[in-house]
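So the structure is just underneath, and the comments pick up after that.
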Amino acid sequence: MEADVVSLGYRGEGVAKIDSYPVFIKGALPGERVRALVILVKKDFAVAKLLEVLSPSVHRVRPVCPDFGRCGGCDLMHLDYPSQLGFKREAVRNALHKIAHTDADVGECVPSDKIIGYRNKLSLPVRKGKNGAEVGLFAYNSHRIVLVTDCPLQTERVRSLLPRLRVFADMFAPYDEETGGGELRHFSVRDYGGALSVTVVVTRDVSGRILRAADDAGIECDELWMNVNNGRNNVILGAQSYLLRGMNVCRNVVFGGRVLPVKTHPNAFFQVNDGVADKLYSAVLSEAVRIRPRLVIDAYSGGGLMTALLAGVAERAAGIEIERSATAVADELMRRAGITNVRNICGDCAEVLPRLTADCDEDALVVLDPPRAGCAESVTDAVNACRAGSVIYVSCNPSTLARDLARMPAYVPVRITPFDMFSQTCHVETLVLLCRK
């Protein structure tokens with residue numbers, strides 16, 4: 001088919017219309033005339049593969065990555081950066097309109113100072129292939145490995161490790177998703193707070209071989225971890241991580257103008273873009289300073305960075321995190337930073353938050369920063385029923401954000417700000433300030 005592309009879908013696909021019937025064409029941009037091959041037809045939409053751009057958009061740029069379009073990591077590298085920011089603002093606005101049924105104003109998307117080389121973390125799956133271990137990134141919408149030789153989104157220290165990780169992988173039996181067999185499942189590399197950390201995810205304890213393989217492959221890092229995951233699932237990390245080499249010491253990280261002594265851990269969550277994370281946390285802190293709450297409840301608190309920042313503007317604060325190792329990291333952060341008014345609770349937000357919010361009054365602030373799946377309904381029900389004067393919701397998924405806001409009708413959005421935490425991709429981080437009606 002030949003078609004004119006009229007808009008972008010929420011995953012960054014070009015959308016053409018045939019008598020109001022949408023056809024999604026990955027890699028096409030609005031304003032372009034394209035030739036495409038229809039590969040899937042459904043009742044309400046079709047999917048087509050881009051064959052040729054007959055008339056390119058003025059906003060089309062040359063991707064800096066040779067694997068763009070093959071690997072599923074980036075969606076928008078062919079679109080100029082100002083248009084990427086506009087797309088993300090519109091994505092938030094559309095989700096809120098369609099799902100939460102609100103036309104609340106959405107601010108300009110806060111840009112990233114770095115649009116290449118900004119990511120401090122890389123997860124590399126290892127799978128059994130025809131010729132042995134395949135190390136790379138998953139293709140779009142599949143578990144097929146794309147054998148990438150580089151990833152321009154990563155920091156230089158992470159990029160430099162890629163060839164050595166391939167050598168390392170050849171010394172182990174790669175994981176087989178169909179049978180659950182094999183030893184090596186994943187690499188997780190993090191460049192955070194000045195420390196380069198490598199986590200090797202395996203199906204059983206092979207710590208001695210990991211140390212020897214790291215030496216043979218020439219892997220130099222500040223921390224070498226082993227994580228054991230023998231579950232038949234798509235989860236990257238298992239519950240237990242073991243430091244095999246190096247010192248897991250605290251390193252100073254600046255957020256919101258405050259220096260915090262942070263100790264990393266493979267199972268702890270940290271934002272992948274340091275520069276935008278600083279802007280986001282500074283914005284959250286500014287909102288909290290205006291609110292001046294007596295109590296802060298930080299749900300999904302991870303390693304405790306947000307809790308530590310907000311503790312300075314409240315009489316007391318509580319962080320809720322289900323990952324025990326992350327709670328331990330948060331406890332140590334508070335001790336090292338001399339913060340004495342924080343209680344970190346290890347537990348499921350769906351169970352803990354309703355108890356904490358039961359006695360809230362209007363001078364309380366609830367912070368929600370859930371994973372992509374959003375909040376459990378019991379969490380939003382508890383927040384909606386509580387008397388906290390303000391809620392700050394930090395989301396990495398506009399759809400689940402909109403769904404959760406619709407579940408909290410007692411609160412109205414006052415300020416909505418997107419942040420470009422994930423440049424070159426369709427993903428966007430959003431900060432929403434809500435006040436009780």
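A quick note: this is a predicted structure, and the numbers were derived from the prediction, not measured.
Separation of atoms SG (Cys151) and CG (Leu162) is listed at 7.5 Å; rounding is to 0.5 Å. Annotation: the span from Ile116 atom CD1 to Cys74 atom SG amounts to 7.0 Å, rounded to 0.5 Å. One finds the NZ atom of Lys121 at 15.0 Å from the CG atom of Leu153 (value rounded to the nearest 0.5 Å). A distance of 8.0 Å separates OG in Ser197 from CG in Leu224, rounded to the nearest 0.5 Å.
Looking only at side-chain heavy atoms (C-beta outward), Val202 and Met226 come within less than 4.5 Å of each other. With a 4.5 Å cut-off on side-chain heavy atoms, Val276 and Glu429 do not count as touching. Under the 4.5 Å side-chain criterion, counting only non-hydrogen atoms from C-beta, Val34 is in contact with Val5. Using a 4.5 Å cut-off on side-chain heavy atoms (C-beta onward), Ser423 and Tyr118 make contact. Proximity of Leu431 to Ile392: side-chain heavy atoms (C-beta onward) are separated by under 4.5 Å at one or more points. Within the 4.5 Å cutoff, the side chain of Val432 has heavy atoms near those of the Leu401 side chain. By the 4.5 Å heavy-atom criterion applied to side chains, Pro125 and His186 are counted as neighbours. Within the 4.5 Å cutoff, the side chain of Met421 has no heavy atoms near those of the Val428 side chain.
Ion pair Asp381/Arg407 not flagged as a salt bridge, since none of the NZ, NE, NH1 or NH2 atoms sits closer than 4.0 Å to an Asp/Glu carboxylate oxygen. Ion pair Glu223/Arg251 flagged as a salt bridge, since at least one NZ, NE, NH1 or NH2 atom sits closer than 4.0 Å to an Asp/Glu carboxylate oxygen. Between Asp176 and Arg127 there is no salt bridge, since none of the side-chain N atoms of the basic residue sits less than 4.0 Å from a carboxylate O of the acidic one. The pair Glu134-Lys128 does not meet the salt-bridge criterion, since no charged nitrogen lies less than 4.0 angstrom from a carboxylate oxygen. The pair Asp274-Lys279 does not meet the salt-bridge criterion, since no charged nitrogen lies less than 4.0 angstrom from a carboxylate oxygen. For the pair Arg415 and Glu287, the salt-bridge criterion is met [side-chain N within less than 4.0 Å of a carboxylate O].
Residues Asn94 and Tyr10 have side chains that never bring a donor and an acceptor to within less than 3.5 angstrom of each other. Residues Asn227 and Ser241 bring a donor and an acceptor atom of their side chains to less than 3.5 Å of each other.
Tyr300 meets the ring-ring contact (aromatic ring centres under 6.0 Å, His included) test with no other residue; sequence neighbours excluded. By the side-chain contact (heavy atoms from CB on, under 4.5 Å) test, Ala91 is found to be paired with no residue, residues two or more places apart in sequence or in another chain being considered. Residues passing the side-chain contact (heavy atoms from CB on, under 4.5 Å) test with Val158 are Leu122, Gln154, Thr155, Val189, Asp191, Leu196, sequence neighbours excluded.
The number of heavy-atom neighbours closer than 6.0 Å to NE2 of His143, taken from other residues, nucleotides and ligands shown, is above 12. The 12-atom threshold is exceeded at OH of Tyr21, counting heavy atoms of other residues, nucleotides or ligands nearer than 6.0 Å. In Arg290, the CZ atom is crowded: over 12 heavy atoms of neighbouring residues, nucleotides or ligands sit closer than 6.0 Å. The 12-atom threshold is not exceeded at NZ of Lys114, counting heavy atoms of other residues, nucleotides or ligands nearer than 6.0 Å. Applying the 6.0 Å contact sphere to CD of Glu2 captures more than 12 heavy atoms from other residues, nucleotides or ligands. Counting heavy-atom neighbours within 6.0 Å of Glu52 CD, excluding the residue itself, gives a total above 12.
For the pair Lys26 and Tyr140, the cation-pi test (distance below 6.0 Å, angle within 45°) is passed. Note that Arg185 lies in the cation-pi zone of Tyr175, set by a 6.0 Å cut-off to the ring centre and a 45° limit from the axis.
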Item to complete: I would like to know whether Ser112 and Asn273 meet side-chain hydrogen bond (donor to acceptor under 3.5 Å, both in side chains); could you show each step before the answer?
Response: CA-CA 8 Å; Ser112 176; Asn273 186 326; 3.1 Å; yes
Worksheet item: salt bridge (charged side-chain N to carboxylate O under 4.0 Å, His left out) between Arg258 and Asp278: does it pass, once the steps are laid out?
Response: CA-CA 10 Å; Arg258 181 169 184 180; Asp278 185 23; over 6 Å; no
